[in-house]
Amino acid sequence: MKIFNTLSGKKEDFIPIRNGRVGIYACGVTVYDLCHVGHARSAIVFDTIKRYLSYAGYHVDFIRNFTDIDDKIIKRAKEEAIAWDEVSAKYIDEYYRDMDMLGVDRATVEPKATEHIAEIIDIIKGLIEKGYAYNINGDVFFEVERFKEYGKLSKKVIEDLESGARVEVDDRKKSPLDFALWKSSKEGEPMWESPWGYGRPGWHIECTAMSMKYLGETFDIHGGGADLVFPHHENELAQSEAYTGKPFVNYWVHNGFITIDKEKMSKSLGNFFTIREILQEFDPEVLRVFLLSSHYRSPLEFSRQQLEQSEASVDRYYSTLERVEEFLRLDQPDGKKHYDDKKLTDTIATLPTQFVDAMNDDFNTAIAIGAVFELIREINRYLDQKPRGQQASDLVQRSMTVLQEVCNVLNIFQKTVPQWNHSLMATKKLPLTINQIEDFIAKRQKARVEKDFVTADSIRKTLEVSGILLEDKPGKTSWRVKI
RNA sequence: GGCGGCGUACCCAAGCGGUAAGGGAGAGGUCUGCAAAAUCUUUAUGCGCCGGUUCGAAUCCGGCCGCCGCCUCCA
């Protein structure tokens with residue numbers, strides 16, 4: 001298995017520290033607002049990586065944190081005139097609502113910064129003792145100059161950073177690059193007791209404390225969005241390695257951004273869509289398929305048109321599934337006739353290998369999904385021959401089993417056909433109920449029997465205008481939501 | 001200014017040294033009372049431009065053009 005490591009800038013063979021086990025720490029969210037599509041991408045990417053590693057046979061310890069204390073949370077609390085911890089509790093709930101919809105599993109442990117103050121204080125103490133940090137009136141800073149390898153993750157040179165520093169300079173710091181490990185709290189702000197007075201942790205230190213607590217001083221994979229490389233992960237790395245004297249993380253994995261009109265989707269630019277907004281118009285699987293259709297490190301342009309294209313491809317999956325289910329429901333008198341099943345048999349045989357090869361190459365979900373659709377085409381081709389008999393039935397059944405095995409790992413295409421249709425009816429806001437649609441179909445069927453094709457066609461047209469397409473099949477007429 | 005990335009058909013997107021996956025859209029055929037779905041054919045002798053290396057290059061090297069990201073909170 002190969003993984004692209006931000007630290008080396010290359011794909012590397014993945015060798016876990018402990019045989020058969022993998023420790024992953026993914027930076028979660030700061031809970032002060034609803035999540036947007038960019039958060040969804042990161043969550044889905046690492047969820048998929050975790051799922052694949054489990055599938056590949058590893059025991060995975062997956063840690064995803066909540067930053068539940070920070071300036072933005074405090075600001076939000078003031079704006080809404082509620083307690084800071086009400087803000088974080090509320091948005092943790094909202095986070096789960098979104099992630100459950102998107103099929104993002106809970107992590108093994110989901111630690112919160114505020115529940116690890118003791119561990120954080122211990123590490124800061126240690127850093128002061130080792131001469132890597134200094135206390136100025138209750139604020140403790142990490143002294144970047146003392147950590148000689150600073151910049152190795154983000155490939156930055158300390159001197160360049162200093163000269164180009166746009167950072168608001170705190171005169172008390174020895175260098176503008178020094179960052180806060182502990183911040184003294186002002187009146188009315190949340191605070192915890194510490195050897196340096198009442199205060200709260202800086203942003204980066206929580207991840208050091210929590211990852212080490214749950215995964216050890218050196219662990220396998222640390223992930224997050226590409227915007228966390230600097231300064232967050234660079235600082236985390238510096239303080240962690242300064243503290244332990246050991247390598248902190250073996251593989252740094254960063255996902256690319258979501259863009260809108262080529263620009264990064266972000267809060268500050270205001271060009272973002274919340275997950276919730278998108279899910280009003282599209283099924284969660286559509287968003288998940290969309291996000292996994294390109295490689296996790298590539299920038300991904302987000303637009304309605306893109307989602308509609310993904311929606312169409314998801315629909316292709318489900319219409320094939322429907323077709324397969326109808327086929328399997330048929331009586332299967334053993335047919336003697338030979339059908340050409342070589343290509344289908346071959347494709348079934350190669351899919352698992354293709355999938356594993358793709359995912360082993362830096363988690364190439366785009367190829368994995370492509371392989372799924374190759375099998376979809378072969379299934380349709382096979383079914384076009386109208387095969388009969390137990391052998392045909394078994395072959396088709398087997399193809400679905402293989403397909404589901406792969407899709408389970410990606411956590412896509414997990415619905416039933418009726419669930420998919422209902423979801424489409426809801427997201428497309430169709431004006432008709434299922435009963436109304438079936439009434440129309442019955443009326444049309446009567447007309448068809450009477451060869452009154454004018455009436456039949458006009459009913460077809462009426463439904464189509466409302467977003468329903470009819471499909472006449474032997475024995476019955478079924479309907480589908482128009483994409 | 002420093003560092004990094006990207007540019008593949010009408011749209012999206014894989015491929016990263018061996019002769020262009022997959023999805024969507026369009027056109028035509030098969031099937032159908034008509035449709036839809038499915039399927040077939042078709043849409044890049046071509047992978048931003050110009051050179052170079054190589055038996056062979058989207059793929060490696062050099063230069064140029066265009067776009068974007070990080071350097072400040074950010075997934």
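Computed from a prediction, not measured in an experiment: that's the story for all the values here. Chain A is the first sequence line, chain B the second, and so forth, proteins listed ahead of strands; every chain is numbered from 1.
In the set B/C67, B/G22, B/C73, B/C73 carries the atom at the smallest distance from any side-chain atom of A/Ser268. In the set B/C34, B/A75, B/A37, the nucleotide with an atom closest to the side chain of A/His36 is B/A75. Looking at the side chain of A/Ala456, the nearest of the listed nucleotides B/A38, B/G33, B/A75 is B/G33. Nearest nucleotide to the side chain of A/Ile258, out of B/C34, B/A14, B/A75: B/A75. Distance from the side chain of A/Asn255 is smallest for B/A75 among the nucleotides B/C3, B/G24, B/A75. Closest contact between the side chain of A/Glu471 and the listed nucleotides B/A75, B/C12, B/A37 involves B/A37. When the nucleotides B/C68, B/U39, B/C71 are ranked by their closest atom to the side chain of A/Lys262, B/C68 comes out on top. Of the candidate nucleotides B/A37, B/C73, B/G33, B/G33 has the atom nearest to the side chain of A/Arg448. Distances were taken from every side-chain heavy atom of A/Lys156 (C-beta onward) to each of B/C34, B/C70, B/A38; the shortest belongs to B/C70. The side chain of A/Thr30 has B/A75 as its nearest neighbour among B/A75, B/C12, B/C34.
Among the heavy atoms of the strands lying under 4.0 Å from A/Gly38 is at least one base atom, whether or not backbone atoms are also near. If you check every strand for non-hydrogen atoms under 4.0 Å, A/Gly28 touches sugar and phosphate atoms only. Looking at heavy-atom distances under 4.0 Å, A/Leu470 makes contact with a base. Within the 4.0 angstrom heavy-atom criterion, no nucleotide atom of any strand lies near A/Glu464. At a threshold of 4.0 angstrom between heavy atoms, the contacts of A/Ser310 with the nucleic acid are absent.
The partner of B/A35, taking Watson-Crick or G-U wobble pairs whose two distances both stay under 3.5 Å, does not exist in any strand shown. Across all strands shown, B/U42 pairs with B/G26; the Watson-Crick or G-U wobble distances both stay below 3.5 Å. Base pairing analysis places B/G62 opposite B/C50; the two distances defining the Watson-Crick or G-U wobble pair are each below 3.5 Å.
Look at A/Arg316 and you'll find a side-chain N or O under 4.0 angstrom from OP1 or OP2 of B/G23. OP1 or OP2 of B/G22 lies within a sub-4.0 Å distance of a side-chain N or O belonging to A/Arg377. Of the side-chain N and O atoms in A/Asn380, one or more sit less than 4.0 angstrom from OP1 or OP2 of B/U39.
With no hydrogens or angles considered, a side-chain donor-acceptor pair links A/Asn380 and A/Thr320 at under 3.5 Å. With 3.5 Å as the limit, one finds no donor-acceptor pair spanning the side chains of A/Glu263 and A/Asn271.
For a distance-only test at 3.5 Å, the side chain of A/Arg460 qualifies as a donor-acceptor partner of the base of B/A35. A donor and an acceptor atom never sit less than 3.5 Å apart when one is taken from the side chain of A/Asp227 and the other from the base of B/C73. Taking 3.5 Å as the limit, the base of B/G23 and the side chain of A/Gln309 contain a donor-acceptor pair of atoms between them.
Base orientation of B/A58: syn, the glycosidic angle falling within 90° of 0.
The ring of A/Phe257 does not lie on top of the base of B/G69; it is either too far (5.5 Å or more) or too tilted (30° or more).
Rounded to an integer number of Å, the gap from NE2 of A/His295 to P of B/C16 is 12 Å. The distance between atom CG of A/Asp384 and atom P of B/A36, rounded to the nearest whole Å, is 16 Å. Between A/Glu236 atom CD and B/A75 atom P there is a gap of 14 Å when expressed in whole angstrom units. Atom P of nucleotide B/A36 and atom CD of A/Glu326 are separated by 18 Å, given to the nearest angstrom. Between the P atom of B/A21 and the CG atom of A/Leu292 lies a distance of 23 Å, rounded to the nearest Å. Distance CG (A/Leu269) to C1' (B/C68): 12 Å, rounded to an integer number of Å. Atom CD1 of A/Ile437 is separated from atom C1' of B/A36 by 15 Å (rounded to the nearest Å). Rounded to an integer number of Å, the gap from NZ of A/Lys264 to C1' of B/G4 is 14 Å.
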Problem - Full working for side chain to side chain donor-acceptor pair (under 3.5 Å) between A/Asp68 and A/Tyr91 - result: CA-CA 9 Å; A/Asp68 64 341; A/Tyr91 289 107; over 6 Å; no
Practice task
For the pair A/Tyr317 and A/Glu285, evaluate side chain to side chain donor-acceptor pair (under 3.5 Å) and give the outcome as yes or no after the intermediate values.
Solution key: CA-CA 12 Å; A/Tyr317 181 91; A/Glu285 281 193 347; over 6 Å; no
Practice task
Just do the side chain to side chain donor-acceptor pair (under 3.5 Å) check on A/Glu145 and A/Ser175 with the steps written out, would you?
Solution key: CA-CA 8 Å; A/Glu145 191 67 30; A/Ser175 154; 5.8 Å; no
Exercise for the section: Evaluate the side chain to side chain donor-acceptor pair (under 3.5 Å) criterion for residues A/Glu206 and A/Thr67: first the C-alpha distance (whole Å), next the side-chain angles of each, then the deciding distance (0.1 Å), finally the verdict. Expected result: CA-CA 8 Å; A/Glu206 60 173 276; A/Thr67 298; 3.0 Å; yes
Exercise for the section: List the steps and the verdict of ring pair (Phe, Tyr, Trp, His ring centres under 6.0 Å) for A/Phe62 and A/Tyr25. Expected result: CA-CA 6 Å; A/Phe62 181 52; A/Tyr25 185 95; 9.0 Å; no
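Mapping A/Phe453 and A/Asp315 onto RNA chain B via the closest heavy atom, the residue that lands nearer the 5' end is A/Phe453. Nearest-nucleotide assignment on RNA chain B puts the 5′-proximal partner with A/Ser294, out of A/Arg444 and A/Ser294.
Rounded to whole Å, the separation between the P atoms of B/G5 and B/G15 comes to 16 Å. Taking atom P in both B/A20 and B/C47, one finds a spacing of 12 Å when rounded to whole Å. The gap from the C1' atom of B/C16 to that of B/A57 amounts to 10 Å, rounded to the nearest Å. For the P atoms, the distance from B/U53 to B/G4 is 27 Å, rounded to whole Å. On the C1' atoms, B/G56 is 26 Å away from B/A13, given to the nearest whole Å. Nucleotides B/G24 and B/C65 place their P atoms 39 Å apart, quoted to the nearest Å. For B/C31 and B/G26, the P atoms lie 22 Å apart once the distance is rounded to whole Å. Across B/U32 and B/U19, the matching P atoms stand 40 Å from one another, rounded to whole Å.
Figure legend: cation-pi geometry between A/Arg106 and A/Tyr96, with NZ or CZ positioned under 6.0 Å from the six-membered ring centre and within 45° of its axis. Figure legend: cation-pi geometry between A/Lys267 and A/Phe272, with NZ or CZ positioned under 6.0 Å from the six-membered ring centre and within 45° of its axis. Stacking of A/Arg297 on the aromatic ring of A/Phe4 is recorded, both the 6.0 Å distance cut-off and the 45° axial limit being met.
Listed in residue order, the members of residues 362-369 of chain A having a heavy atom less than 4.0 Å from RNA chain B are A/Asn364, A/Ala366, A/Ile367.
Using cut-offs of 30° and 60° on the angle between ring planes, the pair A/His233 and A/Trp252 is tilted.
A donor-acceptor pair is defined here as one N or O able to donate and one able to accept, closer than 3.5 Å; no such pair exists between the side chain of A/Arg200 and the backbone of A/Lys183.
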